[in-house]
There are 2 protein chains.
Amino acid sequence: MSKSSVTPARTKRVGAQLTPEAIIEASLRIAARGSADAFTVRRLGEELGADPTAIYRHFRDKDELLLSVADRTLGEVLDSIPDGLDWKDRLRALAAGSLAVALKYPAVSSIMASRTTRRTNEFRVVELILGAVTEAGLDGAEAAVHYRMVGDSLLAHVGQRAAYLLLDPESRAGDESSWNREYRLVDAHGFPNITRLAQQLAEVTDDQIFHARVEALITAIEQRAAAVREA
Amino acid sequence: MSKSSVTPARTKRVGAQLTPEAIIEASLRIAARGSADAFTVRRLGEELGADPTAIYRHFRDKDELLLSVADRTLGEVLDSIPDGLDWKDRLRALAAGSLAVALKYPAVSSIMASRTTRRTNEFRVVELILGAVTEAGLDGAEAAVHYRMVGDSLLAHVGQRAAYLLLDPESRAGDESSWNREYRLVDAHGFPNITRLAQQLAEVTDDQIFHARVEALITAIEQRAAAVREA
DNA sequence: CGCCGTTGTCAACGGTGTTGCGCGAAGTCG
DNA sequence: CGACTTCGCGCAACACCGTTGACAACGGCG
């Protein structure tokens, strides 16, 4: 105890087959395969060529591993954002990057939709959004609330899309075709708007929705900043 | 086949202990208890005083039951919306009602955040939102996209809040305290905005965020309608 | 009455995350 | 250099999950 607590960092065995890094990378490889139930401890062991339970020597439980993996994907998002953009385009780039990464690792981001990693890359994302709303002209409590609005909305939308990707094929088929089936058959008297817009509802694309949601966030910040400036 | 298809409704046994109704109500009772893993087939059997697998005589699988239960909760939402509101207040009432129901049955709405029930009450909600955006002045593809924006955003936010409620206590404690712990300790040079706004970030309430998100949706519809009117 | 479909029970299957035990090798120290 | 400790790993097992198939009891109907 006396000596080991003096040099705790050196305790690492050189010949350790598994490292947190290797486990995280294997997790990403599995998550990228996309199939719904892909990311299990046993499959992770398979991918690593090791016993599944060996993972527990490096992460307390699957949740802690997941947080680490998720933070790694946040790093990918940040790397995709170019410098020199104004606040609006920075938020747009963040949104687009988040979506791309979420669709790349759906198993991860669907679970993380309502979590925080509390790790370094998350701090960088928070800083980025706060910088954007600050540049837009908000500060103090206003900035804090609008950061949370942007962060939570982005996370939620991206998690939604990822979760949808993970649905078993039959459930997804049911959801997908509903606009062309169930919604076409509703009673025209009771549901005039659905009846009138059935065709357009079936034609809406995910990208249109995503665009509308992102622009709504930007507009909201803009409006609030304008109101503050006036006061 | 010939006779049973003539009177399919009468096939019901009079003495049937279990009915779809009873199962849905038991599910709601369990979901309302709130604990994370509460809603399992075995616990449902316990609540019903029957064998867990008896449920499969009335629902194809747990997913189908879940869709039915979710649609029932949508009914509760609709019942909470008063008549005679203009489109903005109708959307606000829908949002508030959805949140209230989601927090009442977190186990249900957290799973349903990226699903559609394709059942009657969902049609009514869709009709309601479409009516609102129509009243706001949108039509055709514009109305369809903005309906999806509102519907998906609402579902996502509400599912997020519900999922958070279901987190095991230690994870939730970690997430909750992070604004007062990890975020207070970041490097002031690398993260000036976080450092400056740490106090305000810790003080943001869920209701403030919810309000901001709902108003952002309304503002976006308003702006789009104004732009369309001008053209 | 006797058939038959419906409904509940029971045991079991394959899957999940997780833990306790033992082994063997790497690092430390007399 | 040998003994001792430490620790990463494999193995077997546990509790729980959703789901299935066989079987028994029961009611309605010919």
Side-chain angles (χ1 to χ4, degrees), chain A residues 1-23 26-27 30-31 35-69 107-108 110-111 166-168 170-171, chain B residues 1-23 26-27 30-31 35-69 107 111 166-168 170-171:
Chain A
M1 204 249 251
S2 60
K3 197 56 178 289
S4 67
S5 66
V6 172
T7 57
R10 295 245 225 111
T11 311
K12 300 259 158 148
R13 188 95 55 94
V14 286
Q17 295 92 319
L18 259 43
T19 63
E21 286 305 298
I23 295 174
S27 302
I30 292 177
S35 54
D37 53 351
F39 191 20
T40 72
V41 176
R42 281 170 175 81
R43 244 175 281 264
L44 183 51
E46 208 174 298
E47 176 75 25
L48 286 163
D51 188 274
T53 64
I55 292 146
Y56 289 90
R57 301 287 161 185
H58 303 270
F59 295 93
R60 186 152 30 90
D61 52 23
K62 198 189 175 186
D63 193 66
E64 198 203 332
L65 168 59
L66 213 46
L67 291 177
S68 300
V69 172
V108 174
S110 70
I111 302 178
L166 292 178
L167 277 187
D168 51 321
E170 47 177 315
S171 295
Chain B
M1 204 252 247
S2 60
K3 197 53 179 291
S4 65
S5 66
V6 173
T7 58
R10 294 246 228 110
T11 312
K12 301 261 160 144
R13 186 98 54 93
V14 286
Q17 296 92 316
L18 260 42
T19 63
E21 286 304 299
I23 295 174
S27 302
I30 292 177
S35 54
D37 52 352
F39 190 21
T40 72
V41 176
R42 282 171 174 81
R43 245 174 280 264
L44 184 50
E46 209 174 297
E47 176 75 24
L48 286 162
D51 189 276
T53 64
I55 292 147
Y56 291 89
R57 302 288 168 191
H58 303 272
F59 295 93
R60 186 153 28 88
D61 52 23
K62 198 190 175 185
D63 194 66
E64 198 203 332
L65 167 59
L66 212 45
L67 292 177
S68 300
V69 172
I111 302 179
L166 292 179
L167 277 187
D168 50 319
E170 45 176 317
S171 296

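Chain identifiers are assigned alphabetically (A, B, ...) following the order of the sequence lines, protein sequences preceding nucleic acid strands; residue numbering begins at 1 within each chain. A quick note: this is a predicted structure, and the numbers were derived from the prediction, not measured.
Taking atom CD on A/E21 and atom C1' on D/dG8, their separation rounds to 18 Å, with Å as the unit. Nucleotide D/dT19 holds its P atom 11 Å from the CD atom of B/E64, rounded to whole Å. When the C1' atom of D/dG21 is taken as reference, atom CG of B/D51 falls 13 Å away, rounded to whole Å. Spacing between atom CD1 of A/I55 and atom C1' of C/dT18 amounts to 11 Å, rounded to whole angstrom units. To the nearest angstrom, C1' of D/dT20 lies 15 Å from CZ of B/R60. Protein atom CG of A/L66 is 11 Å distant from nucleotide atom P of C/dG17, rounded to whole Å. Taking atom CD1 of residue A/I30 and atom P of nucleotide C/dT16, one finds them 11 Å apart after rounding to whole Å. In this structure, A/R57 places its CZ atom 9 Å from C1' of C/dT19, rounding to the nearest Å.
Put simply, B/Q17 has a side-chain N or O that comes within less than 4.0 Å of OP1 or OP2 on C/dG8. B/H58 has no side-chain polar atom (N or O) that falls below the 4.0 Å cut-off from OP1 or OP2 of C/dT6.
Annotation: side chain to side chain donor-acceptor pair (under 3.5 Å) contacts of A/D61 (sequence neighbours excluded): none.
Of the listed nucleotides (D/dC11, D/dT19, C/dG8), C/dG8 has the atom at the smallest distance from the side chain of B/L18. Closest approach to the A/Y56 side chain among C/dT18, C/dG8, D/dG8 is made by C/dT18 (side chain taken as heavy atoms from C-beta onward).
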Could you run down the sub-3.5 Å N/O contacts of the protein with nucleotides 13-17 of chain D?
from, atom 1, to, atom 2, distance (Å)
D/dC17, OP1, B/T40, OG1, 3.3
D/dC17, OP1, B/R43, NH2, 3.0

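If B/P52 and A/P52 are placed on DNA chain D by their nearest nucleotide, the residue sitting closer to the 5' end is A/P52.
Looking at A/R42, its side chain never comes within 3.5 Å of a backbone N or O of A/P52 through a donor-acceptor pair.
Rounded to the nearest 0.5 angstrom, B/R57 CZ and B/L18 CG are separated by 11.5 Å. Distance check, rounded to the nearest 0.5 Å: CG of B/L65 to CZ of B/F39 gives 4.5 Å. Rounding to the nearest 0.5 Å gives a distance of 8.0 Å between CG of B/L167 and CG of A/D63. To the nearest 0.5 Å, the span separating CD on B/E64 from OH on B/Y56 amounts to 11.5 Å. B/K62 contributes atom NZ, which lies 9.5 Å from atom CD1 of B/I55 (distance to the nearest 0.5 angstrom).
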